[in-house]
A.B. asks: 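Have a look at the structure that comes next, please.
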Amino acid sequence: YKNPHYAAGRTTMVHLFEWKWDDIAAECERFLGPRGFGGIQVSPVSENLVLWDFQRPWWERYQPISYRLITRSGNEQQFASMVRRCNNVGVRIYVDAVINHMTGTWRENTGTGGSTANYGQWHYPSVPYGRDDFNYPECVISGSDYFCCADRVRNCQLNGLKDLYQGSEYVRTQIVNFMNHLISLGVAGFRIDAAKHMWPGDLRVIYDRLHNLNTAHGFPSGARPYIYQEVIDLGGEAISRNEYTPLAAVTEFKYGMELSRAFNGNNLLRWFYNWGTAWGLLASGDALNFIDNHDNQRGHGAGGDVLTYKQPKQYKGAIAFMLAHPHGWPQLMSSFAFTNTEAGPPMDSNGNTISPSINSDSSCGNGWVCEHRWRQIFSMVAFRNRVGNTALTNWWDNNSNQISFCRGNQGFVAFNNDYWDLNQTLQTCLPAGSYCDVISGWKSGNSCTGKRITVGSDGRANIVLGANEYDMVLAIHTGTESRL
Ligand code: LAG
Ligand code: CA
């Protein structure tokens, strides 16, 4: 369950938060496939409660009312077509599976596909679930439960959401059928929402009943779905993420927190010379790494304090470090712009999501940020694909916030988060020649629109990164996007 089954040479997934299925299919064909992205995490696919009382918040999608594939992102036919079209261009789909709970109790009770619920009876007729399928008697998780009481964290309600009893054979069957249906449609795996709130033993039974990935979508025979479990464990709680790593991969919340702290100026980049398990990170193969996710970029979940698109220079620095560094499997965030932390995606007065538009410079409009279309970000995806499994070597730093390192003899990257310029002759480990920096510009024919770096026969080159430059990163690599 720890292999993402990316197409050959691909390494990186992006969370297209709240995107519609038709738009994702188009994005696979026009951008993500050609640019070498490995996969996409999509927003929850199961029918959810419609919450006009909160002007259709983004979080209504974390309140399933049935397992029918009908949401603001589209219906089952559109979902199936998206998976097919993305797989055809080498881009995998991972589904955010909400299987810990159903809805909370609200004044409204109609779903995005017209299903209804009767909260007083714990009745979700479109599954169907009834009272026996939920943990009972009702209790709600409190803040202190996290530090004392694993059983309450798993058997009580998260935020008052009706808590499913995964110990029940009937409940397991409904969940497994839902997930196997998605596998039959060609998905490559799942994010397990709120995994901390479910018993590892129950999850293991569910995972082991999942089908192999669909060979008709290009997966090798016998391939197991990639599973990354959302467990927020920053230390000190009754439940440890180590209970989940024997099962499948786990979301690495420490990754973005530490890098955000450093790129925000609250720790020195020099200390990252041994970034990895020495810092208490998960083992590389167990880790799904990211700087921000849909929760913590808006102060939900593990909370804020992470870099987001709102601090672009530092954010691009942290993302470039993640993509240049060999540890773990990286995930990028692609957001809609927000000030209200509860607001849903750009929508019309009927609550229909408004598609991103694509500007002439290839950035997005209509309220979509599309971080994945920022050159400094997608160029580093190509960098990571290029350097593959090569080792990190030749770490250099100035005892402060200027660092550089090589990835084998395929790639070189430098950072300057100091208040003074970087101007040094550094070892790049690359074959002698002329390279275009893929951060300040790109290769255009035989010239560079940004910086041009000349690597000598000893592998060394003069590297300049001014403190006041637009970006704090410089990256060059072998391969057509960079080498002249
Ligand atoms: C997750 N991970 O474990 C998701 O990443 C996170 O986005 C989900 O919470 C959470 N688990 C449940 O799936 C989000 C919002 C919550 C929201 C919840 C359900 O962060 O704020 O709760 O989705 O929609 C909302 C209200 C609560 C209310 C609750 C139940 O904010 O005040 O009690 O609904 O009605
Ligand atoms: Ca639970």
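All of these numbers come straight from a predicted model, not from anything done at the bench. Whatever order the structure lists ligands and atoms in, that order sets their numbers, starting from 1. In what follows, residues are counted from 1 in the order of the sequence shown.
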A.B. asks: Compute whether any side-chain donor of one residue and acceptor of the other, for Trp279 and Asn274, lie under 3.5 angstrom apart.
C.D. replies: yes

A.B. asks: How open is the angle at the Ca ion (ligand 2) from atom OD1 of Asp163 over to atom OD1 of Asn100, rounded to 10 degrees?
C.D. replies: 80°

A.B. asks: With heavy atoms of Asp295 as the reference, note each atom of ligand 1 found under 4.0 Å away.
C.D. replies: 4 (C), 5 (O), 6 (C), 7 (O), 20 (O)

A.B. asks: What are the atoms of ligand 1, with element, lying closer than 4.0 Å to any heavy atom of Trp58?
C.D. replies: 7 (O), 14 (C), 15 (C), 20 (O)

A.B. asks: Look at atom 21 (O) of ligand 1 and find which of His300, His197, His294, Glu60 reaches it with the closest heavy atom.
C.D. replies: His300

A.B. asks: Which is closest to atom 25 (C) of ligand 1 by heavy-atom distance: Tyr119, Tyr62, Trp59?
C.D. replies: Trp59

A.B. asks: Among protein heavy atoms, which sits nearest to atom 3 (O) of ligand 1, and what does the distance come to when rounded to 0.1 Å?
C.D. replies: Glu230 OE1, 2.3 Å

A.B. asks: Can a side-chain donor-acceptor contact be found between Arg68 and Ser126 if the only test is distance below 3.5 angstrom?
C.D. replies: no

A.B. asks: Would you mind checking if Arg373 and Glu27 are paired as a salt bridge, meaning a charged N to carboxylate O distance below 4.0 Å?
C.D. replies: yes

A.B. asks: Report the part of Glu342 in contact with ligand 1, treating N, CA, C, O as backbone and CB onward as side chain, heavy atoms under 4.0 Å; options are side chain, backbone, both, neither.
C.D. replies: neither

A.B. asks: Considering only non-hydrogen protein atoms, determine which one is nearest to atom 10 (C) of ligand 1 and report residue, atom name and distance to 0.1 Å.
C.D. replies: Leu158 CD2, 4.1 Å

A.B. asks: Can you find a non-hydrogen atom of Arg61 under 4.0 Å from ligand 1?
C.D. replies: no

A.B. asks: Using a strict cut-off of 4.0 Å, indicate which atoms of ligand 1 neighbour a heavy atom of Ala194.
C.D. replies: 2 (N), 3 (O)

A.B. asks: Looking only at the side chains, is there a donor atom on one of Asp163 and Asn100 sitting less than 3.5 Å from an acceptor on the other?
C.D. replies: yes

A.B. asks: As an exercise, identify every atom of ligand 1 less than 4.0 angstrom from a heavy atom of His101.
C.D. replies: 12 (C), 13 (O)

A.B. asks: Which of the numbered atoms in ligand 1 are under 4.0 angstrom from any heavy atom belonging to Trp106?
C.D. replies: 34 (O), 35 (O)

A.B. asks: The Ca ion (ligand 2) to Arg154: any N/O/S contact under 3.0 Å?
C.D. replies: yes

A.B. asks: Under 4.0 Å from atom 23 (O) of ligand 1, is there any protein heavy atom?
C.D. replies: yes

A.B. asks: I need the contact type for Leu161 against ligand 1. Using non-hydrogen atoms and a strict under-4.0 Å cut-off, is it side chain, backbone, both or neither?
C.D. replies: side chain

A.B. asks: Quick one about Lys162 and Thr103 (side-chain donor to acceptor, distance below 3.5 Å, no hydrogens or angles considered), yes or no?
C.D. replies: no

A.B. asks: Does only the side chain of Arg191 get under 4.0 Å from ligand 1, or the backbone, or both, or neither? Count heavy atoms.
C.D. replies: side chain

A.B. asks: Please could you name the atoms of ligand 1 that Asn159 approaches to less than 4.0 Å, counting only its heavy atoms?
C.D. replies: 16 (C), 22 (O), 28 (C), 29 (C), 30 (C), 33 (O)

A.B. asks: Would you call Lys313-Asp471 a salt bridge at under 4.0 Å N-O?
C.D. replies: no

A.B. asks: Do Tyr315 and Ser260 have side-chain N/O donor and acceptor atoms under 3.5 Å apart?
C.D. replies: no

A.B. asks: Does either side chain, that of Asn385 or that of Thr11, offer a donor lying less than 3.5 Å from an acceptor on the other one?
C.D. replies: yes

A.B. asks: Ignoring hydrogens and geometry, is there a side-chain-to-backbone donor-acceptor pair from Gln41 to Tyr94 under 3.5 Å?
C.D. replies: no

A.B. asks: Could you check whether Arg131 pairs with Asp133 (Lys NZ or Arg NE/NH1/NH2 to Asp/Glu carboxylate O, under 4.0 Å)?
C.D. replies: no

A.B. asks: Does either side chain, that of Glu18 or that of His294, offer a donor lying less than 3.5 Å from an acceptor on the other one?
C.D. replies: no

A.B. asks: In terms of side-chain heavy atoms, does Glu252 have a donor or acceptor partner in Asn289 at a distance below 3.5 Å?
C.D. replies: no

A.B. asks: To the nearest 0.1 Å, how far is atom 19 (C) of ligand 1 from its closest protein heavy atom, and which atom is that?
C.D. replies: Gln63 NE2, 3.2 Å

A.B. asks: Taking only heavy atoms of Gly104 into account, list the atoms of ligand 1 that are under 4.0 Å away from them.
C.D. replies: 35 (O)

A.B. asks: Taking Lys196 first and then Asp233, would you say they form a salt bridge - that is, a charged N and a carboxylate O separated by under 4.0 Å?
C.D. replies: no

A.B. asks: With the Ca ion (ligand 2) as the reference point, give the N/O/S atom of His197 that is nearest.
C.D. replies: O

A.B. asks: Taking a cutoff of less than 4.0 Å between a non-hydrogen atom of the residue and any ligand atom, is Phe54 in contact with ligand 1?
C.D. replies: no

A.B. asks: Got the closest protein heavy atom to atom 13 (O) of ligand 1, with its distance?
C.D. replies: Asp193 OD2, 2.9 Å

